[in-house]
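This chain uses plain numbering: 1 for the first residue, then up along the sequence. For ligands, and for the atoms within them, numbers begin at 1 and follow the listed sequence.
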Amino acid sequence: MHIESKQPHIGTTIFTVMSKLAADHGALNLSQGFPNFDGSPKLIELVSYYLQKGMNQYAPLSGVQALREIIAQKTADIYGVNYHPDSEITVVSGATEALYAAITAIVHQGDEVILLEPNYDSYEPAIRLNGGVPVYVTLVPENNYQIDWQIVKSKVTEKTKLIMLNTPHNPTGTVLKQQDLTALAEIVKDTNIFIISDEVYEHIIFDGKEHWSPIRNTILQERTFVCGSFGKTFHVTGWKVGYCLAPKALTEEFRKVHQWLTFSTVTPIQYALADFLKEPDNYLSIPAFYQQKRDKFISCISNARFSFTPAQGSFFQCVNYSAITDENDLALAQRLTKEIGVASIPVSVFYHQKNDFKILRFCFAKDDQTLEKAGERLSKL
Ligand code: PMP
Ligand code: GLN
């Protein structure tokens with residue numbers, strides 16, 4: 001049989017490649033973004049409670065009512081924006097599904113989608129599989145990946161259908177500011193351009209910074225699909241439960257795709273999350289928790305010959321290694337995994353032309369001992 005590939009240039013995602021290399025070489029895995037510690041025992045108990053209680057059949061297509069209601073309340077409490085649980089909030093199987101469903105709901109053949117690169121690796125394939133055409137705005141480490149909105153504006157054509165945002169940002173650890181939203185609103189007002197805002201690190205934000213979701217700007221809110229994930233917030237990336245917030249008309253189209261992708265999302269975990277979210281401290285404590293991890297990692301690499309700007313959010317610290325070697329970042333990430341036993345992600349993979357700015361991304365969502373050991377090894381370079 002011959003199968004004609006729909007993605008001939010796509011291999012296996014770098015996260016799987018580097019995690020396997022780390023496992024093969026017994027390396028400390030600071031590559032793929034996941035915590036090496038468990039979620040709250042209380043949350044895990046709640047899941048087993050609902051499993052035992054028999055909440056084991058299909059959840060509603062849109063998600064368990066109690067979970068949609070508490071997401072609505074939390075969003076209103078924090079950002080002052082109201083989403084109706086029945087018609088504007090959908091629970092899905094991870095942010096990856098939310099992103100895919102939102103892209104599929106909006107992008108038609110030939111539509112242009114503006115991507116700010118470096119960008120998370122699932123966006124571009126989802127756009128292309130839907131016949132969309134990515135249009136890139138390249139952000140660079142020299143100015144800490146600041147967005148020049150004049151350049152974004154210059155990329156807008158009558159074919160522009162969508163702009164993808166991600167704050168806090170993977171891989172760079174930067175966050176959007178209120179002025180960014182104002183500048184973007186100026187560009188898209190009076191157009192039919194949609195926004196997908198990937199906010200999986202919403203609660204992983206540091207130094208007292210605020211999370212500037214585009215929903216906090218009314219011009220942006222009416223056109224935005226927010227993609228969230230509980231995996232990051234509650235240290236349970238393997239559960240793959242996320243959600244999408246979007247105004248009613250957008251949600252209707254989103255759900256039409258979601259019903260054919262997964263139909264509904266794992267039931268007992270939704271009930272457990274609904275209960276857990278009733279206690280705001282369970283998410284309000286997360287920024288301080290991860291800021292301590294970031295600071296720990298930074299202190300562990302203080303003797304390494306890296307230069308960097310501390311991450312403002314996410315669970316990633318990017319570092320420039322050009323004082324150590326002129327190897328390309330992919331070669332170095334592989335060599336460090338094999339030779340010193342520390343795995344990372346080369347940031348070039350997040351650029352469509354694989355621009356090599358000599359930057360590695362390290363995940364600091366790890367216990368202190370792992371961060372210390374990694375720091376010792378990296379300091380010898
Ligand atoms: N977006 C970003 C920026 C991510 O880092 C991740 C990471 N895992 C996802 C989306 C996917 O989230 P989920 O695991 O909930 O599918
Ligand atoms: N988001 C995670 C990262 O950036 C990985 C998720 C995945 O492996 N698909 O490392």
Neighbour count above 12 (heavy atom, 6.0 Å) for [X] [atom1]:
X    : atom1 : answer
Q7   : CD    : yes
D326 : CG    : no
K296 : NZ    : yes
K354 : NZ    : yes
E142 : CD    : yes

Could you tell me if [X] sits above the aromatic ring of [Y], with its cationic atom closer than 6.0 Å to the ring centre and no more than 45 degrees from the axis?
X    : Y    : result
R361 : F316 : yes
K366 : F34  : yes
K74  : Y283 : yes

Legend entry - Any N170 heavy atom less than 4.0 Å to ligand 2: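 Per 4.0 Å heavy-atom rule, N170 contacts ligand 2.
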Inset, instruction - Determine whether any heavy atom of R361 lies closer than 4.0 Å to an atom of ligand 2. - result: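 Within the 4.0 Å threshold, so yes.
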Any idea which protein heavy atom is nearest [atom], and the distance to it?
atom                    : value
atom 12 (O) of ligand 1 : A95 CB, 3.5 Å
atom 8 (O) of ligand 2  : Q32 NE2, 2.7 Å
atom 9 (N) of ligand 2  : Y120 OH, 3.5 Å
atom 11 (C) of ligand 1 : T96 OG1, 3.3 Å
atom 5 (O) of ligand 1  : Y201 OH, 2.6 Å
atom 14 (O) of ligand 1 : K240 NZ, 3.2 Å

Legend entry - Residues K256, E252: salt bridge by 4.0 Å N-O rule: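 No, this pair does not count.
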Inset, instruction - Indicate yes or no: does an N/O atom of E97 lie under 3.5 Å from an N/O atom of ligand 1? - result: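 Such a contact does not occur with ligand 1.
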Inset, instruction - Indicate yes or no: does an N/O atom of Y123 lie under 3.5 Å from an N/O atom of ligand 1? - result: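 No, no N or O pair falls under 3.5 Å.
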Legend entry - Contact check, K232 vs ligand 1, heavy-atom distance below 4.0 Å: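 So K232 counts as touching ligand 1.
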Per-atom contacts, ligand 1 versus [X] - under 4.0 Å to a heavy atom:
X    : result
N166 : 3 (C)
G94  : 15 (O), 16 (O)
S229 : 13 (P), 15 (O)

Legend entry - Structural part of H169 in contact with ligand 1, heavy atom criterion under 4.0 angstrom: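 None of H169 does.
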Inset, instruction - Compare V241, T237, T233, D198 and give the one whose heavy atom is closest to atom 1 (N) of ligand 1. - result: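 The nearest heavy atom belongs to D198.
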Legend entry - ligand 2 versus K232: contacting region, heavy-atom distance under 4.0 Å: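 It is the side chain that touches ligand 2; the backbone stays farther off.
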Legend entry - Steps toward side chain to side chain contact (heavy atoms under 4.5 Å, CB included) verdict (T75, I215): CA-CA 10 Å; T75 309; I215 67 171; 3.9 Å; yes
Legend entry - Shortest non-hydrogen contact between P287 and F206, atoms and distance: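 Of all heavy-atom pairs spanning P287 and F206, the closest is O-CD2, 3.9 Å.
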Inset, instruction - Within a distance under 4.0 Å of any heavy atom of F316, pick out the atoms of ligand 2 and give their elements. - result: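 Atoms satisfying the 4.0 Å criterion: 3 (C), 4 (O), 10 (O).
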Inset, instruction - Provide the number and element of each atom of ligand 2 under 4.0 Å from a heavy atom of G33. - result: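 Every atom of ligand 2 under 4.0 Å from some heavy atom of G33: 2 (C), 3 (C), 10 (O).
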Inset, instruction - Keeping the roles fixed (side chain from S229, backbone from V200), state whether a donor-acceptor pair exists under 3.5 Å. - result: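 Side chain of S229 to backbone of V200, a donor-acceptor pair under 3.5 Å: no, none is there.
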